[in-house]
Amino acid sequence: MTTTPDTAASTPPPTADWVDPLAMQRDPYDTYDRLRDLAPVVHVPALNRYLVTTSDACRAIESDQETYSARAGGAAATMVRALGGTPMLRRDDPDHATERGPVNPPLRPKRVREAWAPLFERNAETCLAALLEKGPDEADLDHDFAAPLAAYNLVDMLGLPMADPQDVRRWSHTFIEGIGNIQDDPDIWVRCDAAQREVDAVLDDLLPRLRAKPDGSITSALANAGLTDDQVRANVKLTISGGLNEPQHMTTTIVRALGDHPEQRELALSDPARWPAVFDEALRWCSPVGMYPRETTRPAVLEGFRLPAGAALGVVVAAANRDPSAFPRPADFDITRPRQPHLGFGSGVHRCAGHWAARIAVGEIAVPLLHQRIPTLRTDALRAGNWSGWVFRGLTDLPVTW
Ligand code: HEM
């Protein structure tokens with residue numbers, strides 16, 4: 001594994017002109033297998049970028065941010081446009097570290113367990129009551145439980161009690177739509193601009209108050225770290241976008257996977273110590289963040305393949321997480337597989353800041369509670385539940401019954 005150019009020993013990546021982005025939107029996993037069989041990095045003209053699909057190659061990129069930059073440029077610029085500013089995720093160190101540092105303390109495991117877990121439990125009870133009220137003929141786990149729960153939890157962690165969780169949900173989905181707006185759809189930008197204005201109006205009021213009287217929230221940590229207002233705002237909007245969509249998708253993915261594998265569901269129910277493995281395996285098996293961008297700052301050689309300076313890369317962690325050289329029988333959902341690190345939360349300096357919050361809120365609290373209180377919870381075979389997306393992937397709905 002080398003990233004320094006050695007042109008004599010390297011070849012250009014192969015090109016895959018058969019890739020169909022619409023088919024990937026429906027189900028990307030066949031495409032990922034074909035790309036991985038070709039090479040660890042493949043040029044994909046339909047996406048105007050190189051896709052990186054093996055575990056080793058994705059990790060090599062994350063271990064060398066001087067060559068593989070997260071800075072906005074080319075296709076990566078959509079995040080800056082969507083959020084109306086540059087967040088930590090589009091900066092390299094040392095600038096990235098200045099903004100990442102403040103959000104770490106409120107998201108450390110001890111803080112999450114002491115400060116946030118009781119709120120996550122309260123919110124899960126509230127959403128469970130709403131789900132039960134909907135009843136076994138009409139309940140949709142995505143709309144009636146996973147999405148509102150992720151919004152309530154995020155409102156608490158960000159310290160935005162004045163914001164309606166429904167609005168936070170809409171902002172998050174709008175920002176995610178914008179981050180994926182590689183096609184430059186103007187209607188999506190109009191919605192992003194409106195969501196930015198709404199978040200800014202909340203922050204106009206909140207930031208001076210938090211500077212006068214700090215609290216334990218993520219927003220307070222950012223506001224009191226000596227950052228500019230623009231830096232604080234961009235990172236609050238980043239957290240709104242990433243902190244809601246992914247926990248929402250994880251909740252429904254886990255319930256669906258356990259419903260399709262009743263023997264594994266029984267294992268988890270009979271031995272609660274297995275819930276963390278359930279979360280981890282679901283995150284590997286269907287990663288909610290499927291791909292994120294990087295760009296070469298100089299000519300590079302990745303796993304023997306030559307890349308020019310300024311190459312737009314898609315780090316396809318969802319494909320790396322099904323790399324058979326790292327995970328035997330990778331397409332199987334199997335909570336008993338030996339523990340093996342994967343890339344569902346990314347790796348390197350940008351590794352997800354909220355991973356403990358997500359593990360605890362979804363994997364230790366919400367999903368076990370659902371199964372304990374509704375022991376016969378299952379996917380409703382009479383109503384459809386649809387997977388969608390590849391950059392971000394999850395169920396758009398999950399009708400359930402009991
Ligand atoms: C299961 C749920 C989640 C998944 C799968 C997930 C996944 C990811 C991934 C893959 C990245 C790295 C992206 C890249 O390198 O380009 C990331 C970064 C990030 N995530 Fe998460 N995330 C989740 C939940 C959360 C939550 C709940 C929060 C906040 C409370 C959060 C906040 C962040 C932040 C702030 C970053 C940027 C970190 C940096 O640039 O240093 N995430 N997440």
Side-chain angles (χ1 to χ4, degrees), residues 58-59 61-63 65 68-72 75-76 78-79 83 86-93 95-104 106-108 111-112 115-116 119-120 146 149-160 168 172 175-176 179 217-219 221-222 234-254 279-280 282-295 313-318 320-321 342-364 366-367 391-394:
C58 288
R59 285 187 188 282
I61 287 173
E62 292 309 320
S63 64
Q65 58 173 330
Y68 301 102
S69 170
R71 274 198 306 273
T78 54
M79 178 177 277
L83 303 181
T86 306
M88 66 179 93
L89 200 45
R90 287 290 163 270
R91 297 185 193 275
D92 299 323
D93 285 343
D95 298 346
H96 157 265
T98 308
E99 298 179 13
R100 170 72 185 242
V103 306
N104 284 335
L107 292 169
R108 287 207 177 102
R111 269 291 278 291
V112 174
W116 307 128
L119 303 178
F120 296 160
L149 176 60
Y152 282 123
N153 287 347
L154 195 63
V155 163
D156 285 333
M157 284 187 284
L158 277 170
L160 307 176
V168 178
S172 177
F175 291 147
I176 287 280
I179 293 166
S217 68
I218 297 172
T219 309
L222 285 163
N235 284 300
V236 169
K237 289 169 194 154
L238 169 73
T239 311
I240 289 175
S241 66
L244 198 152
N245 194 58
E246 282 79 36
Q248 174 185 344
H249 279 159
M250 278 307 295
T251 305
T252 49
T253 295
I254 297 175
F279 179 91
D280 225 47
L283 181 58
R284 180 201 69 80
W285 177 71
C286 186
S287 309
V289 176
M291 183 277 278
Y292 50 76
R294 294 291 184 263
E295 195 168 294
L313 304 179
V315 181
V316 193
V317 288
N321 284 343
H342 61 68
L343 292 163
F345 282 122
S347 76
V349 300
H350 293 285
R351 183 156 195 264
C352 178
H355 71 103
W356 277 108
R359 282 177 198 286
I360 292 168
V362 174
E364 294 184 23
V367 173
V391 176
F392 299 104
R393 185 161 180 81

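Atoms within each ligand, like the ligands themselves, are counted from 1 in listed order. Here the structure is a predicted model, which is why all the values come from computation and not from measurement.
Val315 does not count as a contact of ligand 1, since none of its heavy atoms falls under 4.0 Å from the ligand. Using 4.0 Å as the threshold, Leu158 has no heavy atom nearer than that to any atom of ligand 1. Ligand 1 does not have Arg91 within reach: every non-hydrogen atom of the residue lies 4.0 Å or more from it. Within the 4.0 Å heavy-atom shell around ligand 1 one finds Thr239. Judged by the shortest distance from any of its heavy atoms, Ala357 lies outside the 4.0 Å radius around the atoms of ligand 1.
Under a 4.0 Å criterion applied to the non-hydrogen atoms of Val349, ligand 1 contributes the atoms 41 (O). Near Gly344, with a cut-off below 4.0 Å to any heavy atom, the atoms of ligand 1 are 5 (C), 7 (C), 10 (C). Within ligand 1, counting atoms from 1 as listed, the ones closer than 4.0 Å to a heavy atom of His96 are 39 (C), 40 (O), 41 (O). For ligand 1, the atoms lying closer than 4.0 Å to a non-hydrogen atom of Met250 are 1 (C).
With hydrogens left out, the protein atom closest to atom 18 (C) of ligand 1 is Cys352 CA, 3.5 Å, a heavy atom. Counting protein heavy atoms only, atom 16 (O) of ligand 1 is closest to Tyr292 CG, 3.2 Å. Scanning the protein for heavy atoms near atom 26 (C) of ligand 1, the closest one is Gly243 CA, 3.6 Å. Atom 40 (O) of ligand 1 has His350 ND1, 2.7 Å as its closest protein atom, hydrogens excluded (heavy atom only). Residue, atom and distance of the protein heavy atom nearest to atom 2 (C) of ligand 1 are Glu246 CB, 3.5 Å. The nearest protein atom to atom 38 (C) of ligand 1, hydrogens excluded, is given as Arg100 NH1, 3.3 Å; this is a heavy-atom distance.
Residue contacts to atom 21 (Fe) of ligand 1: His355 brings no N, O or S atom closer than 2.8 Å.
In this structure the side chain of Phe120 reaches within 4.5 angstrom of the side chain of Met157, judged on heavy atoms. In this structure, Phe279 and Glu364 have side chains that are not in contact, with every pair of non-hydrogen atoms separated by 4.5 Å or more.
For Tyr152, the OH atom is loosely surrounded, since the number of other residues' heavy atoms within 6.0 Å does not exceed 12.
Ligand 1 has no nitrogen or oxygen under 3.5 angstrom from a nitrogen or oxygen of Arg351.
Rounded to the nearest 0.5 angstrom, Ile240 CD1 and Asn235 CG are separated by 11.0 Å. We find the CG-NE2 distance between Asn245 and His249 to be 5.0 Å, quoted to the nearest 0.5 Å. Within the model, atoms CZ of Arg294 and CG of Asp92 stand 8.0 Å from one another, a figure rounded to the nearest 0.5 Å. Atom CH2 in Trp116 sits 10.5 Å away from atom CG in Leu154 (nearest 0.5 Å).
In this structure a side-chain-to-backbone donor-acceptor pair under 3.5 Å is missing from His350 to His96. Remark: the backbone N or O of Asn321 is paired with a side-chain donor or acceptor of Arg284 at under 3.5 angstrom.
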